Amino acid sequence: YLAKEARTGVEVYVAEKDRNSPERLNLMGDLRRAIDRRELRLYYQPKLELTTGRVRGVEALLRWRHPERGMISPGEFVPMAEQSYLIRHLTQYVIDEALEQAAHWWRIGLNERISVNVSARDLLDSTLPELLEIGLAQYHLPPEAIQLEVTERVLMTDQAYTADAVRALNALGVELALDDFGTGYSSLVRLQRLPVSEVKIDASFVRRLGESVDDERIVRSIVDLVRSLGLRSVAEGVESDEVAARLTDMGCELAQGRLFTEPMPAADATVWLSEHRGRAVPDLGFLPGSEV
Ligand code: C2E
Ligand code: MG
Ligand code: MG
Ligand code: MG
């Protein structure tokens with residue numbers, strides 16, 4: 001009984017991920033080594049245009065296969081990295097890997113824009129735009145080859161601090177997307193002022209379309225708002241034909257989710273993109289008016 005209680009105590013302690021817990025410090029050391037050894041991999045998930053099924057970009061998502069712990073989700077290690085200087089290395093690594101992949105895809109005619117997730121801290125780093133500019137030049141890519149995704153909260157709360165970076169990115173021609181939209185506290189006025197091209201509607205609202213009247217209303221009003229500002233809306237976490245059909249009816253432009261494909265390793269993504277490109281549009285069962 002005592003042993004069990006002691007064990008539970010440890011688990012609770014670990015779960016809290018106390019800033020200086022041994023668990024956490026170990027993981028951070030492992031992460032630093034993993035970056036140096038290039039053990040982290042990017043997986044790729046396409047964004048599709050709902051009315052045509054055309055691919056309109058690919059999001060890069062980090063995966064870490066830890067030698068002892070197995071797969072660790074970015075939801076676990078990215079927030080930890082964000083609290084230290086490690087996020088800078090992580091972001092540089094991700095941008096470099098993404099540009100290298102984009103260069104490969106552009107060479108073989110798959111001219112897809114790759115979206116990279118960046119953190120609040122990255123936008124405070126004045127060298128980020130320069131890093132992108134150098135990387136694009138190195139791989140002979142136009143600025144359209146990459147997009148940055150930042151969460152809604154970043155641009156809303158740190159506006160004054162991030163303005164310079166955002167201006168420099170705009171000057172460079174690199175688009176910004178607002179990630180996880182709906183989870184923060186944006187106002188119409190502020191959204192209008194932000195130099196973003198795309199708004200990604202958080203999966204938590206998208207998932208229950210058709211079940212929850214509230215979520216239905218929220219998504220519909222976001223889509224209308226985004227369109228009225230002349231921006232593109234992207235629904236995240238689309239898992240069913242029914243949800244895709246509702247989004248299409250609402251006029252949501254793009255969608256991403258398991259319904260189309262899970263995030264894939266680069267080699268699988270290359271095959272998927274090549275095959276998808278050749279496939280006829282009516283293959284998509286969810287298109288309005290099609291028989292399912
Ligand atoms: P995010 O940018 O909002 O990414 C979308 C998440 O939804 C991804 O989780 C993706 O795998 C997941 N997803 C894909 N299809 C579906 C679906 O059909 N349903 C649902 N419910 N979810 C789906 P993932 O890969 O675990 O990443 C979690 C978060 O970690 C990302 O959220 C992003 O904020 C962060 N992240 C991932 N890669 C990076 C990175 O390279 N740098 C930074 N700074 N953050 C990253
Ligand atoms: Mg994202
Ligand atoms: Mg998101
Ligand atoms: Mg998210």
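In listed order, ligands and their atoms are each counted from 1. Note that the coordinates shown come from a computational prediction; the quantities given were computed from them, not determined experimentally.
Seen from the Mg ion (ligand 2), atom OE2 on E59 and atom OD2 on D179 lie at an angle near 180° (rounded to 10 degrees).
Ring centroids of Y44 and W105 are separated by less than 6.0 Å, placing the two rings close together. Within the 6.0 Å centre-distance limit, the rings of W64 and H66 are counted as a close aromatic pair.
Close approach of ligand 1 to D179 is summarised as follows: ligand atoms under 4.0 Å from at least one heavy atom of the residue are 1 (P), 2 (O), 3 (O).
Pairing each heavy atom of L123 with each of A165, the nearest pair is O-CB, 3.1 Å. Minimum interatomic distance between D122 and R88 (heavy atoms only, all atoms of both residues): OD1-CA, 4.4 Å.
With a cut-off of 2.8 Å, the Mg ion (ligand 3) has no N, O or S atom of D202 in range. The Mg ion (ligand 2) has an N, O or S atom of N117 under 2.8 Å away, backbone or side chain. Taking 2.8 Å as the criterion, E149 does not count as a coordinating residue of the Mg ion (ligand 3), since none of its N, O or S atoms falls below it.
Checking P74, A98, S73, A60 against atom 30 (O) of ligand 1, the nearest heavy atom belongs to P74.
Side chains of Y139 and R107: no donor on one and acceptor on the other come within 3.5 Å. Side-chain contact, S212 with D214: no donor N or O sits under 3.5 Å from an acceptor N or O.
Both the backbone and the side chain of L62 come within contact range of ligand 1, each with a heavy atom under 4.0 Å.
For ligand 1, the polar-atom distance check finds no N/O of D122 at less than 3.5 Å from any of the ligand's N/O atoms.
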